[in-house]
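Notes to accompany the following structure.
Chain naming here is simple, since letters A, B, ... match the order of the sequence lines and numbering starts at 1 in each. No experiment lies behind these values; they were computed from the predicted model shown. We use all heavy atoms of the structure for the numbers below, so side chains are in, but hydrogens, waters and symmetry mates are not.
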Amino acid sequence: MSGDAGLIPRLPKGFRDITAREILLREKMIETLGKVYRSFGFAPLETPMVEYLDNLGKYLPESDTPEGGVFAFKDDSSSWVALRYDLTAPLARYVAEHEKDLVLPFRRYQIGPVFRLEKPGPGRFREFYQCDFDTVGAATAAADAEVCCVLAEALEALGLAGNFNVRVNNRKILNGMAQAAGLGDNAESLDRASLIVLRAIDKLDRIGLKGVIELLGKGRKDESGDFTPGAGLSAEQISLFEQYLSASCDSRASVCDTLEKLVEKSATGLEGIAELRQIDEILTGAGYLEDRVLFDPMIVRGLAYYTGPVFEAQLTFEIDGEDGRLKQFGSVAGGGRYDSLVERFLGRKVPSTGASVGIDRLLAALIALKQFDSETSQPPVLVTAMDPSLMKHYHKLTNDLRKAGIPTEIYLGSGGFRKQMKYADQKNLPVAVICGEDEFKNGTVSIKDLYLGRELSKEIEDRAEWAGNRPAQMTVPTNELVETVKKILRNTPS
RNA sequence: GCUGAGGUAGCUUAGCUGGCUAAAGCGCUUGACUGUGGAUCAAGAGAUCAAGGGUUCGAAUCCCUUCCUCAGUACCA
């Protein structure tokens, strides 16, 4: 808020700076996820952050201006380009463009930032990381089942075993319900009422059964007084959906049985059930039981391009929010089958399925679980610069430590020795190496264990004892520097 | 997008029925301590009270506009 030069430094809305600790944790996560993806045969791919707007499918039909939700601009030839808003649309472009060279089914994973021009919220930013994996050109339920396996393995590799479940539903069943209720009999495009119904079901966990039923009927007014118009269904139609909504997710088989009765009049719906049964069979055979993968009729997942099974991974624990309230993490990954995405380019369907892990929320969860806490990188040892004329020597000491694999920095700031110690303390460094005139003359260095010193200071009241007796400090011959520092670091909890 | 609540030193806040030089804690700088972090003590720096306009003799305080933040809600590939 100062801006003395008249220019106010500020970050664009919805973006954030990410600092060391989080970056290191994220890199570790990415490494883990990549390893799991590769173990299933997915190969990494990188596409650029920018694509032509029409390739992403985000343009307004009448004008050539972009639809909301994307960062778009014109390039030097006045073509509209946009920052990618997910990794699936670029994949479709890639597959269509290199169709002839690819061996199908094509498996790839991609990890990187995506951008959405939306209202940011807590934990929701306009730039965030996605870790996608997809299988392109595989139409069978085996490919869908595998997506569930990858998600389960990925979350377990991150140390979340027992703290998550993967939930599966099928868009064909949802569409079948709409048909059974006499809403839209068009399996491809949904009418207005069906849209509202699907959105309402998606909100079940947030607004409750009552809220959903209000949305199926006339509409719903929320706490803030805002009114959302409903689908305007008849009492009869609503009661059909009520049965759907009260379906629990016991065993996968029983979910299929329950839903089958509700959609028995819809061919699409029955198709969806059949697919789920196949997925169940494969998962069960492969040892992915209900403790890891559930069938959940309430999963809807956006409304865009999904054509079959849809997936969502949820964390099942809660943590204390800053305000003391319990906070749920909710969905950390999602995906589904999309058989029509490549069709825009090639004119024929290319059956594809996959999912995306949202790194940022997962990272927050892992931090909350203290999963990674002690594994951040080693903070550096500080070589202090007491006597400027010995700078050469300090660089030599620094180098010796660095060559021994110990991260080491040399003090480069201004100010006296006292300030240097304070610097080391404030940065929470573990060790300070001290070499003044005296040490240098004797061919020694002094090494201070700052961690131990911090502990000792709790007992010491007296300044003379603290400063004068040099607690937690030892002087050794210069050639013992590396060994001594190593020994101290071994005993320092990080 | 809609509804509501807010923006006062780096941070957390007080002041808000208009009235001395806008207050405190934490943090920061310096010294006591000329080669030693913490603790203690002392001194100091730091705020166009979010921005712009209006009412008034006088505005952090009242009114309008914009921006930003927070909560809920809508949309969301």
Anything under 30° is parallel, anything over 60° is perpendicular, the rest tilted; go ahead and classify A/His98 against A/Tyr94.
-> tilted
Please state the P separation for the pair B/G10 and B/U66 - nearest whole angstrom.
-> 28 Å
Taking atom OH of A/Tyr52 as the centre, report whether more than 12 heavy atoms of other residues, nucleotides or ligands fall under 6.0 Å from it.
-> no
Centroid-to-centroid, A/Phe42 to A/Tyr109, below 6.0 Å?
-> no
Interatomic distance at C1', B/C26 relative to B/U36, whole Å | 25 Å
For nucleotides B/G25 and B/U21, find the distance between their P atoms and express it as a whole number of Å.
-> 22 Å
Atom-to-atom span, CZ of A/Arg301 to C1' of B/C75 - whole angstrom = 15 Å
B/G44 and B/A24, which share atom name P, separated by this distance in whole Å = 12 Å
Kindly say whether, by distance alone, the side chain of A/Arg116 makes a donor-acceptor pair under 3.5 Å with the base of B/C75?
-> no
For A/Lys119 and B/U73, give me the distance from atom NZ to atom C1', rounded to whole Å.
-> 8 Å
Is the backbone of A/Arg93 close enough, under 3.5 Å, to the side chain of A/Asn55 for a donor and an acceptor to pair up by distance?
-> no
Name the pairing partner of B/C67, where a pair is Watson-Crick or G-U wobble with both distances under 3.5 Å, or state none.
-> B/G7
Taking only side-chain nitrogens and oxygens of A/Lys419, does any of them come within less than 4.0 Å of OP1 or OP2 of B/G37?
-> no
Please list, for nucleotides 38-44 of chain B, all pairs of protein and nucleotide N/O atoms separated by less than 3.5 Å.
from, atom 1, to, atom 2, distance (Å)
B/G38, N7, A/Trp466, NE1, 2.5
B/G38, N2, A/Ile460, O, 2.1

Plane angle bin for A/Phe440 and A/His393 - parallel if under 30°, tilted between 30 and 60°, otherwise perpendicular | perpendicular
Whom does B/U55 pair with, Watson-Crick or G-U wobble, provided both distances fall under 3.5 Å?
-> none
Separation of atom CZ in A/Arg220 from atom P in B/U3, rounded to whole Å | 17 Å
With C1' as the reference atom in both, quote the distance from B/G31 to B/A47 in angstrom, rounded to an integer.
-> 26 Å
Please say whether more than 12 non-hydrogen atoms of neighbouring residues, nucleotides or ligands are located less than 6.0 Å from CD in A/Glu46.
-> no
In terms of the nearest nucleotide of RNA chain B, which residue is placed more toward the 5' end: A/Tyr306 or A/Asp438?
-> A/Asp438
Round to a whole Å and report the spacing from CD of A/Glu214 to P of B/A74.
-> 12 Å
Centroid-to-centroid, A/Phe15 to A/Phe71, below 6.0 Å?
-> yes
Does any nucleotide pair with B/C16 by Watson-Crick or G-U wobble geometry, both distances under 3.5 Å, and what is it?
-> none
Taking CG from A/Leu215 and P from B/A74, how many angstroms apart are they, rounded to a whole number?
-> 7 Å
Please work out if A/Ile434 contacts a base, only the sugar-phosphate, or nothing of the nucleic acid, heavy-atom cut-off 4.0 Å.
-> base
Across the strands shown, which category fits A/Asp387 at heavy-atom distances under 4.0 angstrom: base, sugar-phosphate, nothing?
-> nothing
For residues 460-475 of chain A, run the donor-acceptor check on the side chains, cut-off 3.5 Å, and write out each pair with its distance to 0.1 Å, sequence neighbours left out.
from, atom 1, to, atom 2, distance (Å)
A/Asp462, OD2, A/Glu465, N, 3.2
A/Gln473, OE1, A/Lys448, NZ, 3.2
A/Thr475, OG1, A/Ser446, OG, 2.9

Counting side-chain heavy atoms from CB outward, which of B/A77, B/G35, B/C68 is closest to A/Val70?
-> B/A77
Which part of the nucleic acid does A/Arg206 contact within heavy-atom distance under 4.0 Å: base, sugar-phosphate only, or nothing?
-> sugar-phosphate
Should B/U73 form a Watson-Crick or G-U wobble pair with both distances under 3.5 Å, which nucleotide is its partner?
-> B/G1
Could you measure between the two C1' atoms, the one in B/A23 and the one in B/C67, and give it in whole Å?
-> 28 Å
To the nearest Å, give me how far apart OH (A/Tyr411) and P (B/G35) are.
-> 14 Å
Classify the nucleic acid contact of A/Lys458 as base, sugar-phosphate or nothing, counting any heavy atom under 4.0 Å across all strands shown.
-> nothing
Which base sits across from B/G44 as a Watson-Crick or G-U pair, both distances under 3.5 Å?
-> B/C28
Touch check for A/Glu439, heavy atoms < 4.0 angstrom, all strands: base, sugar-phosphate only, or nothing?
-> base
Scan A/Arg199 against the nucleic acid and name what it touches under 4.0 Å (heavy atoms): base, sugar-phosphate only, or nothing.
-> sugar-phosphate
When you look at CD of A/Glu437, are more than 12 heavy atoms from neighbouring residues, nucleotides or ligands closer to it than 6.0 Å?
-> no
Distance test, side-chain N/O of A/Lys203 to OP1/OP2 of B/C75, below 4.0 Å | yes
How far, in whole Å, is B/A45 from B/A50 if one measures between their C1' atoms?
-> 23 Å
What is the distance, rounded to the nearest whole Å, between atom CG of A/Asp449 and atom P of B/G37?
-> 16 Å
Look at all strands and tell whether A/Tyr85 reaches a base, only sugar-phosphate, or nothing, counting heavy atoms closer than 4.0 Å.
-> base
Verify side chain to side chain contact (heavy atoms under 4.5 Å, CB included) between A/Asp339 and A/Tyr305, making sure each step is shown before the conclusion.
-> CA-CA 8 Å; A/Asp339 285 347; A/Tyr305 47 61; over 6 Å; no
Please state how far atom CZ in A/Phe125 lies from atom P in B/U69, giving the value in whole angstrom units.
-> 11 Å
Record whether the side chain of A/Gln420 comes under 3.5 Å of the base of B/U36 through a donor-acceptor pair of N or O atoms.
-> no
Considering only atom C1', compute the distance from B/G52 to B/A60 and round it to an integer number of Å.
-> 16 Å
